[in-house]
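Positions are given from 1 along the sequence. Model, not experiment: these values are computed from the prediction. First listed ligand is number 1; within each ligand, the first listed atom is number 1.
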Amino acid sequence: MRDAVTSLIKNYDVVGRYFDRDALDSLKSYFASGTARIQAAATINSNAAAIVKQSGSQLFDELPELIRPSGNAYTTRRYAACLRDLDYYLRYATYALVAGNTNVLDERVLQGLRETYNSLGVPIGPTVRGVQIMKEIVKAQVAAAGVTNTAFVDEPFDHISRELS
Ligand code: CYC
């Protein structure tokens, strides 16, 4: 698992170079956003269950066919699996937010996931929609917690969406 600092070190170490201006700029921006990242993690931690629940109900309100008899989230087992997946996304997105790097998502969440979903008939489009709904809910809560620029919150959620699509 890599973070913003270890991935930069790795990139410079393979070519045996000292940090240049670009590297220092990216370190500066990572450390400057540190407090905001921690605030975001704290906000998510204390609201995780509600965020997952709200993302699920908004998704099923928007796409009610998912929970009808022919839908992939029909039956309580599959409904629960769907909320559990949203919970995985939220937890790993929080790790990635603190790390300032999406590598943890690639390694622990996304590897082989599309194939698993395809083989189980889990629809990708609605899953991505669920991730995007969750992103908006998280951003609103992080903003309400006093973080002025919440743009950095997009990264892990957009990464999951992109990699699944
Ligand atoms: C199933 N989701 C699964 C499965 C995996 C994951 C591996 C198959 C095994 C199981 O049922 O537990 C996902 N597992 C993960 C992830 C990790 C992991 C991400 C990383 C930590 O270990 N269905 C929908 C919605 C969507 C959904 C759009 C929710 C947003 O219609 C999810 N995922 C969903 C459902 C299943 C599932 C319903 C069960 C499918 C089935 O068994 O038929």
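Using modelled atom types, no side-chain atom of Asn72 and backbone atom of Pro123 make a donor-acceptor pair closer than 3.5 Å. Side chain of Asn47 to backbone of Ala50: no donor-acceptor contact under 3.5 angstrom is found.
Heavy-atom proximity to Pro123, at under 4.0 Å, picks out these atoms of ligand 1: 31 (O). For ligand 1, the atoms sitting less than 4.0 Å from at least one non-hydrogen atom of Leu113 are 13 (C), 19 (C), numbered in the order shown with element in parentheses. Atoms of ligand 1 lying under 4.0 Å from at least one heavy atom of Leu66, given by number and element, are 31 (O). Close approach of ligand 1 to Ala73 is summarised as follows: ligand atoms under 4.0 Å from at least one heavy atom of the residue are 31 (O). Of all the atoms in ligand 1, the ones that sit under 4.0 Å from a non-hydrogen atom of Pro126 are 28 (C).
The structure places CD of Gln58 at 11.0 Å from CG of Leu63, a figure rounded to the nearest 0.5 Å. Taking NZ of Lys139 as the reference point, atom CG of Asp154 lies at 3.5 Å (rounded to 0.5 Å). Note: Ser26 OG to Asp20 CG = 9.0 Å, rounded to the nearest 0.5 Å. If you take NZ on Lys53 and CG on Leu83, they are separated by 10.0 Å, rounding to the nearest 0.5 Å.
Of the options Gln111, Arg108, Arg91, the smallest heavy-atom separation from atom 20 (C) of ligand 1 is shown by Arg108. With Arg78, Glu65, Arg84 as candidates, the residue nearest to atom 43 (O) of ligand 1 on a non-hydrogen basis is Arg78.
Of the protein's non-hydrogen atoms, the one nearest atom 33 (N) of ligand 1 is Asp85 OD2, 2.7 Å. Nearest protein heavy-atom contact of atom 22 (O) of ligand 1 is Tyr88 CE1, 3.9 Å. Nearest to atom 42 (O) of ligand 1 among the protein's heavy atoms is Arg77 NH1, 3.1 Å. The protein heavy-atom contact nearest to atom 26 (C) of ligand 1 is Cys82 SG, 2.9 Å. For atom 39 (C) of ligand 1, the closest non-hydrogen atom of the protein is Ala81 CB, 3.8 Å. Among all protein heavy atoms, the one lying closest to atom 7 (C) of ligand 1 is Thr116 CG2, 3.9 Å. With hydrogens left out, the protein atom closest to atom 8 (C) of ligand 1 is Leu120 CD1, 3.3 Å, a heavy atom.
When the options Gln132, Met134, Gln54, Arg129 are evaluated for a side chain to side chain contact (heavy atoms under 4.5 Å, CB included) with Leu59, the one that passes is Arg129. Screening Ile38, Ile44, Thr102 for a side chain to side chain contact (heavy atoms under 4.5 Å, CB included) with Leu97, the sole residue that qualifies is Ile44.
Connectivity analysis of hydrophobic side chains (ILVMFWY, heavy atoms under 4.5 Å, direct or indirect) links Phe31 to Val5, Leu8, Ile9, Tyr12, Phe19, Leu24, Leu27, Tyr30.
Every heavy atom of Arg129 sits 4.0 Å or more from the atoms of ligand 1. The shortest heavy-atom distance from Tyr79 to ligand 1 is not under 4.0 Å. Note on ligand 1: Gly130 sits outside its first shell, no heavy atom being nearer than 4.0 Å.
Heavy atoms of Leu83 found under 4.0 angstrom from ligand 1: none, in either backbone or side chain. Residue contacts with ligand 1, taken as heavy atom pairs separated by less than 4.0 Å, involve Val122 solely via side-chain atoms from C-beta onward.
A donor-acceptor pair shorter than 3.5 Å can be found between the side chains of Thr6 and Asp3.
Residue contacts with ligand 1: Asn72 is placed with a nitrogen or oxygen under 3.5 Å of a nitrogen or oxygen of the ligand (distance criterion only). Between Tyr92 and ligand 1, no N or O atom pair is found at a separation short of 3.5 Å.
Listed by chain and number, the residues in a ring-ring contact (aromatic ring centres under 6.0 Å, His included) with Tyr95 are Tyr92 (sequence neighbours excluded).
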Carefully, step by step, assess Asp85 and Thr127 under the rule side chain to side chain contact (heavy atoms under 4.5 Å, CB included).
CA-CA 9 Å; Asp85 285 8; Thr127 301; over 6 Å; no
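Two rings, from Tyr89 and Phe157, have their centers 6.0 Å or more apart.
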